[in-house]
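Lettering of chains follows the sequences in order, A, B, ..., and the numbering in each one begins at 1. Excluded from the calculations below are hydrogen atoms, water molecules and symmetry mates; all remaining heavy atoms, backbone and side chain alike, are included.
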There are 2 protein chains.
Amino acid sequence: MRAEDIEKLKCLNVFRGVKENTFQRAIAPSFLQSFPAGTILLEENRPADFLYIVLDGLVEMSSSATGDETVIEILGPVNLFILAAVLNNDICLQSARTLTPARILMIPANLIRELLAEDHDFMKAVVFELASAYRRTVKELKNQKLRSGAERLANWLLREERSQGGEGRLTIPYEKRILAAYLGMTAENLSRGFSALSAHGVNIKGLQVDIVDIGKLIDYARPSPLIDDGEPRLPRD
Amino acid sequence: MRAEDIEKLKCLNVFRGVKENTFQRAIAPSFLQSFPAGTILLEENRPADFLYIVLDGLVEMSSSATGDETVIEILGPVNLFILAAVLNNDICLQSARTLTPARILMIPANLIRELLAEDHDFMKAVVFELASAYRRTVKELKNQKLRSGAERLANWLLREERSQGGEGRLTIPYEKRILAAYLGMTAENLSRGFSALSAHGVNIKGLQVDIVDIGKLIDYARPSPLIDDGEPRLPRD
DNA sequence: CGGGAGCTTGAGCTTGTTCAACCTTCGTGG
DNA sequence: CCACGAAGGTTGAACAAGCTCAAGCTCCCG
């Protein structure tokens, strides 16, 4: 593992303030693997044998029922997934698939559970990670229940613009059909959503989006810190 | 506080296996209060000063944006709420309101955070509680994104029938408009949902629901353990 | 240059919402 | 004790949002 990877891992909430020994024991027996785009990392309804950490690339968390499929979350570096299933020693509620070539660290689930019992600081970091994940999911639920498709798109654009530097433009980092599934709409409806937003300060060309009048877009989207702002990645104390 | 209440509290996931001392310290300075139906216990966007535990009655967790309101969760005894906000020392994402007369224990938030640092077993219990809450919310998100209104209703009926004894009938424990908001539909649409389900083995009269043909209802609802089954309230180990 | 994948557009349809009227139940006051 | 009113629930009609299907477009890549 590269020194640069170690640095990345230490940025994770879940390793913050953790004993060096715990950290070393966690990564020593773990697999660092590179996967091509489109690899299925795990499928829902399977036991969670590893905790996964994305070091590079994008991973889509999805779920399906009766033919329909939806995207729950899309993770970039550095993020972890299926922590809750690992802790509960339970099956996964979501499938995971790489959207781009990706480098992923896989830590054996029982090792995580061992370390949890041994290192109080690790446990504390896990508590904050879970609390944040929970709050993010509640926000997503509100997003789905309280807003229309076009509103969800508008707010996603605002969030993405900010995280891509706040320069008034952004690049959609994956296929539009995936964005559509994440936003809870069909690809067709996403297209129409973009057309509708052209009246509210948004120009789109391919995957390139220009927000020509951000005030107008904000007026339309009505973003709320109770729905949109990401949970702080650092626990305050 | 009654002995019976102490028993109830000890049933909570979050106090399971916790030191007697921690438990006593948690409840000693806490307020046990009775509220009439319709009391607003807390409003979203406010700091979380207490951890709330429902000992009797029903509490509705809701959220609103731009005029619209939705119900996120409905809690009976014995359940806790806003644990995540308490741990993060952050604002609440949801409002809480009693639906019936209710008895609620309120534990000061900073006390919770203190105890967390002192009692490793308490922290461990909190980890499992949070992991379960997270998984429940992911399931609810899937419920919303993957199913139609009538399907959500059908699956809610199946879950409720089971938790009310599995006798093929159930009583809706609150107003239908609240059920509608919880299921993510309008009151009118809920009405139509019930009419539609009469073709799938469901009879309704007032708040009384009879499931005359549960096989038929299951065929229609297609319940899934990845969406519907409640998270186990006891961590396995 | 041709082919294919992803995206867009349009038409028709399904689902869900809105608004208004009406019905039912229940509690209150004449 | 009945009458009335208010609140919750249901029903219907019109409308809006979203989905499906099919056709056509664009862009990338061989």
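- For residues 207-229 of chain B, the ring-ring contact (aromatic ring centres under 6.0 Å, His included) pairs, not counting sequence neighbours, are B:H200-B:Y220.
- Atom CZ of B:R162 has 12 or fewer neighbouring heavy atoms from other residues, nucleotides or ligands inside a 6.0 Å radius.
- Looking at B:R147, its side chain has no donor and acceptor atom pair within 3.5 Å of the base of C:dT15.
- One atom, CG of B:N189, and another, C1' of D:dA17, lie 13 Å apart when rounded to the nearest Å.
- No donor-acceptor contact under 3.5 Å links the side chain of A:E188 to the base of C:dC7.
- With sequence neighbours excluded, the residues that form a side chain to side chain contact (heavy atoms under 4.5 Å, CB included) with A:S95 are A:E43, A:E44, A:S62.
- Using a 4.0 Å heavy-atom cutoff across all strands shown, A:G149 reaches sugar-phosphate atoms only and no base atom.
- When the ring-ring contact (aromatic ring centres under 6.0 Å, His included) test is applied to B:F15, the partners found at least two apart in sequence or on another chain are B:F23.
- Computed from coordinates, the A:Q144 CD to D:dA17 P distance equals 17 Å when rounded to whole Å.
- Atom-to-atom, CE of A:M185 to C1' of C:dG16 comes out at 16 Å; the value is rounded to the nearest Å.
- Rounded to an integer number of Å, the gap from B:D68 CG to C:dT17 P is 9 Å.
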Name the atoms and distances for all side-chain donor-acceptor pairs under 3.5 Å in residues 168-179 of chain A, with sequence neighbours left out.
residue : atom : partner : partner atom : Å
A:T171  : OG1  : A:Q208  : OE1          : 3.3
A:T171  : OG1  : A:Q208  : NE2          : 3.2
A:K176  : NZ   : A:G206  : O            : 3.0

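- A:F81 is linked by a ring-ring contact (aromatic ring centres under 6.0 Å, His included) to A:Y52, counting only residues two or more places apart in sequence or in another chain.
- A sub-4.0 Å separation between OP1 or OP2 of D:dA17 and a side-chain N or O of A:S148 is absent.
- The distance from atom CD of B:Q208 to atom P of D:dG9 is 14 Å, rounded to the nearest whole Å.
- Across the protein-nucleic acid pair, A:L190 atom CG and D:dA17 atom C1' stand 15 Å apart, rounded to whole Å.
- One finds no salt bridge joining B:D68 and A:R147 here, because no Lys/Arg side-chain nitrogen approaches an Asp/Glu carboxylate oxygen to under 4.0 Å.
- Look at CZ on A:F194: it is 12 Å from P on C:dT9, rounded to the nearest Å.
- Between B:K205 atom NZ and D:dG9 atom P the separation is 14 Å, expressed in whole Å.
- Phosphate proximity of C:dT8 to A:S195: absent, as no side-chain N or O sits under 4.0 Å from OP1 or OP2.
- Within residues 172-184 of chain B, the residues that place at least one heavy atom under 4.0 Å from DNA chain D are, in residue-number order, B:E175, B:K176, B:R177.
- Closest to the side chain of A:R192, out of D:dC19, C:dT18, D:dG18, is D:dC19.
- Checking A:A150 against B:S191, the closest nucleotide of DNA chain D that is more toward the 5' end is the one next to B:S191.
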